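First up is the structure itself, then whatever we jot down about it.
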Amino acid sequence: MATIGDVAREAGVSRSTVSSVLTGRKFVTPETRARIEAAIAKLDYSVNSGARALATSRTMTFGVVVRFHEAEFSPALATYLVAFSDAARERGYAVMLLTEPDGAEAVRRAIAGRQVDGLILLNVLDGDPRLDPISRSGFPAVLVGNPEDPRGIDAVDLDFASAANMLVDHLADAGHRDAMFVQWPEELYESGSTYATRFERAALRRAAERGVRLVPVPVPVGPEQVRSTLRAALQDPALPTTLLIHNDAAVAMLPFVLGDLGLDVPADRSVVSLHSGELARLYVLSYTAVESEPVAVAEAAVDVLCKRVEDPGAPAGKRLIVPRLDQRSSVAAD
């Protein structure tokens with residue numbers, strides 16, 4: 001089995017330079033890095049993560065703190081978990097899921113026991129109690145969300161406000177002046193979920209600016225409930241025939257409900273949504289949509305957290321992923 005010394009000799013560098021490439025702790029020129037990576041591939045060298053952890057006093061593990069809210073759509077959340085695992089692995093880190101109902105206690109326990117090198121918080125709320133132990137301890141962490149007060153903790157998320165603006169503008173530019181605003185269940189907004197509330201506020205504000213009337217229609221995420229609620233809404237003559245959707249369960253089920261009712265897009269209904277490309281592939285969705293960018297969000301969050309681990313004293317920052325609109329033929333000119 002090849003050793004780090006074998007890699008150093010093959011690449012013509014010192015052992016410390018090889019270690020710098022493996023840990024990412026120091027800058028190595030691209031040319032030198034390429035030689036070391038070629039040597040690693042040639043010798044089929046694999047890092048002993050246990051030895052590296054002992055040498056660096058690190059676990060080489062990130063904790064992902066997840067709140068499984070019954071009002072959320074678990075298949076969409078799963079795409080983020082996979083993306084975080086992939087992004088962490090690319091940086092040499094494993095991922096540990098922390099899913100206890102008492103998230104603040106799980107965070108305190110992980111910090112006190114040094115179970116992980118850093119924490120990634122999903123499903124962030126405004127006033128989230130999980131932020132307090134992190135803020136008090138200064139433990140490396142990144143929020144996947146954009147709370148009003150991040151408590152001095154790094155934050156990464158899709159720019160949900162810009163995403164909402166894009167979708168409202170797309171409808172307004174096509175001449176639509178009324179739209180059904182298919183939303184998450186009301187309890188998600190009441191809890192202070194940042195991705196839900198920021199999208200809602202921005203959509204309503206932009207709609208008022210553009211002269212578009214949005215009619216909110218909360219839709220539950222249970223399979224039978226979402227189907228029956230959508231069916232009733234689409235058959236209600238008092239509701240607009242244009243749909244702006246921010247609810248992954250609703251957009252996933254929409255093709256089935258349209259099929260049940262014999263309705264076509266865009267002939268009978270115009271549709272825009274915010275959802276991930278993975279969700280679109282799974283449920284064969286062909287609607288104009290803003291991509292929720294789980295991979296980009298995950299990669300940015302892991303990058304930010306790695307930098308925080310290396311430089312705990314750096315000022316905290318916020319990084320918003322710029323949304324992009326994927327235009328399909330799902331909106332008729334009005």
Side-chain angles (χ1 to χ4, degrees), residues 69-73 76 123 125-126 145-148 157-258 261 263 265-266 268-275 279 285 287-290 292 323 325 330-332 334:
H69 196 295
E70 62 182 10
E72 294 180 304
F73 189 52
N123 324 84
L125 311 176
D126 278 314
N146 188 14
E148 295 293 339
D157 207 0
L158 180 74
D159 188 343
F160 280 96
S162 293
N165 292 343
M166 284 181 175
L167 293 174
V168 172
D169 286 342
H170 186 76
L171 292 177
D173 291 343
H176 294 265
R177 291 296 171 261
D178 295 278
M180 188 193 310
F181 186 8
V182 178
Q183 298 182 290
W184 294 99
E186 293 176 355
E187 53 263 38
L188 202 60
Y189 300 90
E190 293 169 356
S191 72
S193 175
T194 60
Y195 68 83
T197 57
R198 286 187 177 276
F199 186 95
E200 179 191 47
R201 287 197 296 265
L204 293 173
R205 183 170 56 248
R206 179 70 87 177
E209 294 169 353
R210 295 297 306 267
V212 177
R213 181 178 70 103
L214 293 183
V215 182
V217 177
V219 175
V221 298
E224 294 304 321
Q225 293 172 304
V226 67
R227 195 162 190 159
S228 62
T229 304
L230 278 178
R231 181 192 295 270
L234 291 171
Q235 290 180 304
D236 188 343
L239 290 174
T241 58
T242 298
L243 283 72
L244 166 61
I245 305 177
H246 186 210
N247 178 321
D248 291 323
V251 75
M253 190 59 66
L254 183 61
F256 301 100
V257 178
L258 291 171
L261 299 177
L263 298 173
V265 174
D268 302 307
R269 296 291 187 273
S270 289
V271 180
V272 297
S273 176
L274 187 152
H275 58 261
L279 197 70
L285 306 178
Y287 308 134
T288 291
V290 169
S292 58
L325 185 69
S330 66
V331 176
D334 197 358

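Quantities reported herein were computed from a predicted structural model and do not represent experimental measurements. We use all heavy atoms of the structure for the numbers below, so side chains are in, but hydrogens, waters and symmetry mates are not.
At least one side-chain heavy atom of N247 sits under 4.5 Å from a side-chain heavy atom of P185.
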Query - Derivation and outcome, salt bridge (Lys or Arg N to Asp or Glu O under 4.0 Å), residues R206 and E209 - result: CA-CA 5 Å; R206 179 70 87 177; E209 294 169 353; 3.6 Å; yes
**Report entry** V226 and L230: CA distance, side-chain angles, deciding distance, side-chain contact (heavy atoms from CB on, under 4.5 Å) verdict
**Finding:** CA-CA 6 Å; V226 67; L230 278 178; 4.2 Å; yes
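A203 approaches A164 most closely through the heavy-atom pair N-CB, 3.7 Å. Minimum heavy-atom separation, P220 to Q225: CG-CB, 3.5 Å. The two residues V290 and P323 have their closest heavy-atom pair at CG1-CB, 3.6 Å. Of all heavy-atom pairs spanning A289 and H275, the tightest one is CB-CE1, 3.4 Å. Across P147 and D126, no two heavy atoms sit closer than the pair CA-OD1, 3.1 Å. A pairwise comparison of heavy atoms in T194 and G145 identifies OG1-CA, 3.7 Å as the closest pair.
Contacts of A174 classified as side chain to side chain contact (heavy atoms under 4.5 Å, CB included), with partners at least two apart in sequence or in another chain: H176, V331. A search for side chain to side chain donor-acceptor pair (under 3.5 Å) contacts involving S292 returns nothing, not counting sequence neighbours. Considering only residues two or more places apart in sequence or on other chains, F199 meets the ring-ring contact (aromatic ring centres under 6.0 Å, His included) condition with H246. In this view, E148 and R198, R201 satisfy the salt bridge (charged side-chain N to carboxylate O under 4.0 Å, His left out) rule, not counting sequence neighbours. D169 is linked by a side chain to side chain donor-acceptor pair (under 3.5 Å) to R210, counting only residues two or more places apart in sequence or in another chain. Annotation: salt bridge (charged side-chain N to carboxylate O under 4.0 Å, His left out) contacts of R213 (sequence neighbours excluded): D178. With sequence neighbours excluded, the residues that form a side chain to side chain donor-acceptor pair (under 3.5 Å) with D159 are S162. Scored by the side chain to side chain donor-acceptor pair (under 3.5 Å) test, S270 finds no partners at all (sequence neighbours excluded).
D334 CG to R177 CZ: the interatomic distance, rounded to the nearest 0.5 Å, is 8.5 Å. Distance check, rounded to the nearest 0.5 Å: CG of N123 to CD of E72 gives 4.5 Å. Rounded to the nearest 0.5 Å, atoms OG1 (T241) and CG (D268) are 9.0 Å apart. Distance OH/Y195 to CG/D157: 10.0 Å, rounded to 0.5 Å. How far OH of Y287 is from CG of L167: 14.5 Å, rounded to the nearest 0.5 Å.
For residues 180-192, every residue pair satisfying the side-chain hydrogen bond (donor to acceptor under 3.5 Å, both in side chains) rule, not counting sequence neighbours, is listed here: Q183-E200. Judged as a salt bridge (charged side-chain N to carboxylate O under 4.0 Å, His left out), the pairs with a partner in residues 229-257 (not counting sequence neighbours) are, in order, R231-D260.
A distance-only check finds a donor-acceptor pair linking the side chain of S330 to the backbone of V271 [under 3.5 Å].
Checked options I245, L274, V272; the residue passing with V251 is I245 (criterion: side chain to side chain contact (heavy atoms under 4.5 Å, CB included)). Shown are L239, L234, L244, L243; of these, the side chain to side chain contact (heavy atoms under 4.5 Å, CB included) with V217 is made only by L239.
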